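A short worksheet on the structure shown next.
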Amino acid sequence: MKFEEIRNFLALSENLYTGGMPKAGQLADAAEHGVEVVINLAPHDAQDALSNEAELANSLGIHYVNIPVDWNA
């Protein structure tokens, strides 16, 4: 799975990307392409979220930050 296929993927520059709800394979591909940090803005109960996203990212050498945003507020 290519990380460029992450839902709503957009390359803002050659080193900054945005998108949402990656699958495990896409996160692994992102690590292989040099992604160093993932900032997750989704709430903890978001649908389609990887239940172990933080652990997976960290195991791939990606620094993971979760800042849950209440999009209805």
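Fair warning: this is a prediction, and the values are worked out from it, not measured in the lab.
Closest heavy-atom contact between P43 and P68: CA-CB, 3.8 Å. Between V35 and V38 the shortest heavy-atom distance is CG1-CG2, 4.4 Å.
Following chains of ILVMFWY side-chain contacts shorter than 4.5 Å, one can reach L10 starting from L16, so the two form part of one hydrophobic cluster. In the hydrophobic clustering of this structure, V65 does not group with I62; members are Ile, Leu, Val, Met, Phe, Trp, Tyr whose side-chain heavy atoms approach within less than 4.5 Å, directly or through other members. Under a hydrophobic-cluster definition in which Ile, Leu, Val, Met, Phe, Trp and Tyr are linked whenever side-chain heavy atoms come within less than 4.5 Å, directly or via other members, V37 and V69 are assigned to the same cluster. Residues L50 and I39 fall into different hydrophobic clusters, defined by Ile, Leu, Val, Met, Phe, Trp and Tyr side chains chained together at heavy-atom separations under 4.5 Å.
Using modelled atom types, one side-chain atom of Q26 and one backbone atom of K23 make a donor-acceptor pair closer than 3.5 Å. Between the side chain of D29 and the main chain of G25, no donor-acceptor pair closer than 3.5 Å is present.
Among residues two or more places apart in sequence or in another chain, the ring-ring contact (aromatic ring centres under 6.0 Å, His included) test is passed with F9 by F3, Y17.
For the pair E53 and P22, the minimum side-chain heavy-atom distance is below 4.5 Å.
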